[in-house]
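Here the structure is laid out as structure tokens; the discussion comes afterwards.
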Amino acid sequence: MAHNKVRVRFAPSPTGGLHLGGVRTVLFNYLFAKKHGGEFVLRIEDTDQTRFVAGAEEYILECLEWCGLIADEGPHIGGPYAPYRQSERKQLYRQYAEQLVENGYAYYAFDTPDELEAMRDREKINGNQSPQYNHHIRHTMRNSLTLTKEEVNELLANNTPHVIRIKMPTDTSVTFTDMIRGEVTFNSGTVDDKVLLKADGMPTYHLAVVVDDYLMKISHAFRGEEWLPSAPVHILLWRYLGWEDAMPEWAHLPLILKPDGNGKLNKRDGDRLGFPVYAMNWTDPRSNEFTRGFREMGFLPEAFVNMLAMLGWNDGTGQEIFSFEELLQKFSIERVHKAGAKFDFEKAKWFNHQYIQKKTGEELATLFAPVLDEKDIQADPATVAVIANLVKDRLHFVNEIWDQGFFFFQAPTTFDNEAVKPKWTPEKQAFFEEWMQQLATVPTFDLATIESSFKNLAAEKGIKVGELQLPFRIMLTGGKFGPAVFAIAEVLGAVETIARIKTALPTFQA
RNA sequence: GCCGCGUUGGUCAAGGGGUUAAGACACCUCUCUUUCACGGAGGAAUCACGGGUUCGAUUCCCGUACGCGGUACCA
């Protein structure tokens, strides 16, 4: 269109935690902008002063930072189109609303909340399911369309509370092209006269989004599908304000649905089904209600982002693991799905698992360090790295290193005796007693040495190696779990290995 | 109710007038391993329904059903 530079924006309302659908919207905006060498703007849509939530803006910023989706302009860093908080732009909007009134595209409405309610009650009695302030009823209300010029001027002069509403045409076809859905058409007559400027002087979303997108030279506007029904209002506003040539291209993103049943995914579903919905932990300062986040649950940001990208988009090749660079290169808004996608937490876990596999033992050890700290366990980072590598392929989350390898850090206190006793024999008892002696004298206590000494002695005694491995495992770990036994022994070292055999041996006798 | 958007296996989905309708997650079987996991080999879908158009429709058109979204001085 009339834009020579790609500029997109994410415009959240700072009213609470950031939903994964919100993060995905940011992602698609970001990828699109960067792919085209454009700019990504963060704009805070805080026009509803009654819904202000302390800390919500900072929280959103932190989420974006965690995901690596940093805005080029925004309230945190400013920019050429500052301010980026709509509450700080308040005085800007009125002139445009008034311009619309002057040109006959909008009007003053003096109806009080009570009068509006009365109107709705009246309409409902007449069988109107959802009464709208529209072309059918605006002539029955108190506004500059029904009042005389003198009355209106007087009301205005007396500072009578009023709003400005758009005057939707009675029967006009409003069509626009959505980058995802193609051509979409609405009849203006089915849309109500949305409030543009509220009684407190703040714009509503409808006015603010158009004015700010224009002023901030936004070239592409991506938002959730829930905005589709109000698109005709926005399109008309662009036209009425005389800015149609500068109107951004639109794309309405499909919704993320709950895994069971139907409907938009919300934080309640996460609580109910046991998975996060917000990017990071969030505690509502008013209710103290806590909602957990993907970050704290143990998701790697790169896995979270990759997973989100695949929720509604794919490159057509079947590839699912994309580095951020690849995403930047291959993303295209046209390949975004039209239909909503049910969120599948199992698949999300799989993505995290994939990214854990890419990490080195050292990286995993670093990420795991806080868990050990919390448990007050001192461990050599190099050893933790070895352990991490050993258990890595069975992890969905970094924290699970503990579940998979706690026995590396503390000796078992109980043993799964039931798994051993039924097959226990004096010969096996003798084997371990003798092997302990041998272990104390091996030159180097490494995997190969341990394993060959174990196997040689077993052969000598005429016992099948397999018969001995499970008991040995249980001696070291307490149960039937963990990575390869000899690898465990190597990490534990000679002293600890012998000590554990010694402790466990007596408990195996029937 | 009205308006809009959508509908390929349990889930994410590729594809698109003629195909054995990809792949992934999950599931099941087998294998490897006398733990679990990983790995490997298999298993399972006629594309919501009804009409058209066409030699031929899962793909195009129209209906219907169903689902979702919206219907606030919230975003």
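In the text below, chain A, chain B and the rest are named by the order of the sequence lines, each starting its count at 1.
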Separation between the [atom1] atoms of [N] and [M], rounded to whole Å:
N	M	atom1	result
B:rC30	B:rU7	P	39 Å
B:rC62	B:rA26	C1'	38 Å
B:rC49	B:rA57	P	14 Å
B:rG15	B:rA21	C1'	8 Å
B:rC60	B:rG40	C1'	44 Å
B:rG50	B:rG39	C1'	48 Å
B:rU64	B:rG4	P	13 Å
B:rA14	B:rG52	P	30 Å

Any strand is fair game: report the nucleotide pairing with [N] by Watson-Crick or G-U wobble, both distances under 3.5 Å, or none.
N	answer
B:rU58	none
B:rG23	B:rC12
B:rG6	B:rC66

Suppose we call two aromatic rings close when their centres sit under 6.0 Å apart. Are [X] and [Y] close by that rule?
X	Y	answer
A:F299	A:F397	yes
A:H234	A:Y205	yes
A:F472	A:F431	no
A:F343	A:F275	yes
A:F407	A:W402	no

### Query
Considering the options A:R138, A:Q132, A:H135, A:K167, which one meets the side-chain hydrogen bond (donor to acceptor under 3.5 Å, both in side chains) requirement together with A:D193?
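Of the listed options, the one satisfying the test is A:R138.
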
Rounded to whole Å, how long is the line connecting atom [atom1] of [X] with atom [atom2] of [N]?
X	N	atom1	atom2	result
A:W350	B:rC38	CH2	C1'	14 Å
A:F481	B:rU34	CZ	P	18 Å
A:L196	B:rA72	CG	P	15 Å
A:Q86	B:rC74	CD	C1'	13 Å
A:Q357	B:rA37	CD	P	14 Å
A:W227	B:rG70	CH2	P	10 Å
A:E225	B:rG67	CD	P	16 Å
A:L255	B:rA75	CG	P	19 Å

Regarding [X], tell me which of base, sugar-phosphate or nothing describes its non-hydrogen contacts under 4.0 Å with the strands shown.
X	result
A:K264	sugar-phosphate
A:H252	nothing
A:V184	sugar-phosphate
A:T185	sugar-phosphate
A:G263	sugar-phosphate
A:M310	sugar-phosphate
A:D111	base
A:T50	nothing
A:A348	nothing
A:E467	base
A:G312	sugar-phosphate
A:R181	sugar-phosphate
A:P483	base

Any idea which of [options] is nearest the [X] side chain?
X	options	result
A:D393	B:rC12, B:rC3, B:rA37	B:rA37
A:P113	B:rU11, B:rC73, B:rA75	B:rC73
A:A341	B:rA72, B:rC12, B:rA75	B:rC12
A:E320	B:rA75, B:rA24, B:rU35	B:rA24
A:S130	B:rC73, B:rG1, B:rC25	B:rG1
A:R120	B:rC25, B:rU34, B:rC73	B:rC73
A:K198	B:rG6, B:rA14, B:rA75	B:rA75
A:R335	B:rA75, B:rA14, B:rC73	B:rA14
A:V195	B:rA13, B:rC73, B:rC5	B:rC73
A:Q129	B:rU34, B:rG1, B:rU35	B:rG1

#### Entry: Distance-only donor-acceptor test (3.5 Å): side chain A:S230, base B:rG70
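No, no donor-acceptor pair under 3.5 Å.
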
### Query
On a plain distance test, is the side chain of A:K347 in donor-acceptor contact with the base of B:rA24 below 3.5 Å?
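Such a pair is found, so the answer is yes.
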
### Query
Are A:R43 and A:F10 in a cation-pi setup, meaning NZ or CZ lies under 6.0 angstrom from the ring centre and within 45 degrees of the ring axis?
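No, A:R43 and A:F10 do not form such a contact.
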
Compare side-chain N and O positions of [X] against OP1 and OP2 of [N] and report whether any pair is under 4.0 Å apart.
X	N	result
A:R51	B:rA75	no
A:K194	B:rG70	no
A:T204	B:rA75	no
A:H337	B:rA14	yes
A:Q132	B:rU71	no
A:N314	B:rA14	yes

### Query
Backbone N or O of A:L265 within a donor-acceptor pair of the A:D269 side chain at under 3.5 Å?
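Answer holds: no.
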
### Query
Which residue lies toward the 5' end of RNA chain B, A:E226 or A:G466, if each is placed at its nearest nucleotide?
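The answer here is A:G466.
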
### Task
Using heavy atoms to find the nearest nucleotide of RNA chain B for A:A11 and A:P131 separately, return the residue whose nucleotide is more 5′.
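Comparing both residues, the 5'-ward one is A:P131.
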
### Message
Does the plane of the ring in A:H162 sit parallel, tilted or perpendicular to the ring in A:F110? Use 30° and 60° as the thresholds.
### Response
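Ring orientation, 0 to 90° scale: tilted.
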
#### Entry: A:F222 vs A:I180 side-chain heavy atoms within contact, under 4.5 Å
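The answer is no; the side chains never approach within 4.5 Å.
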
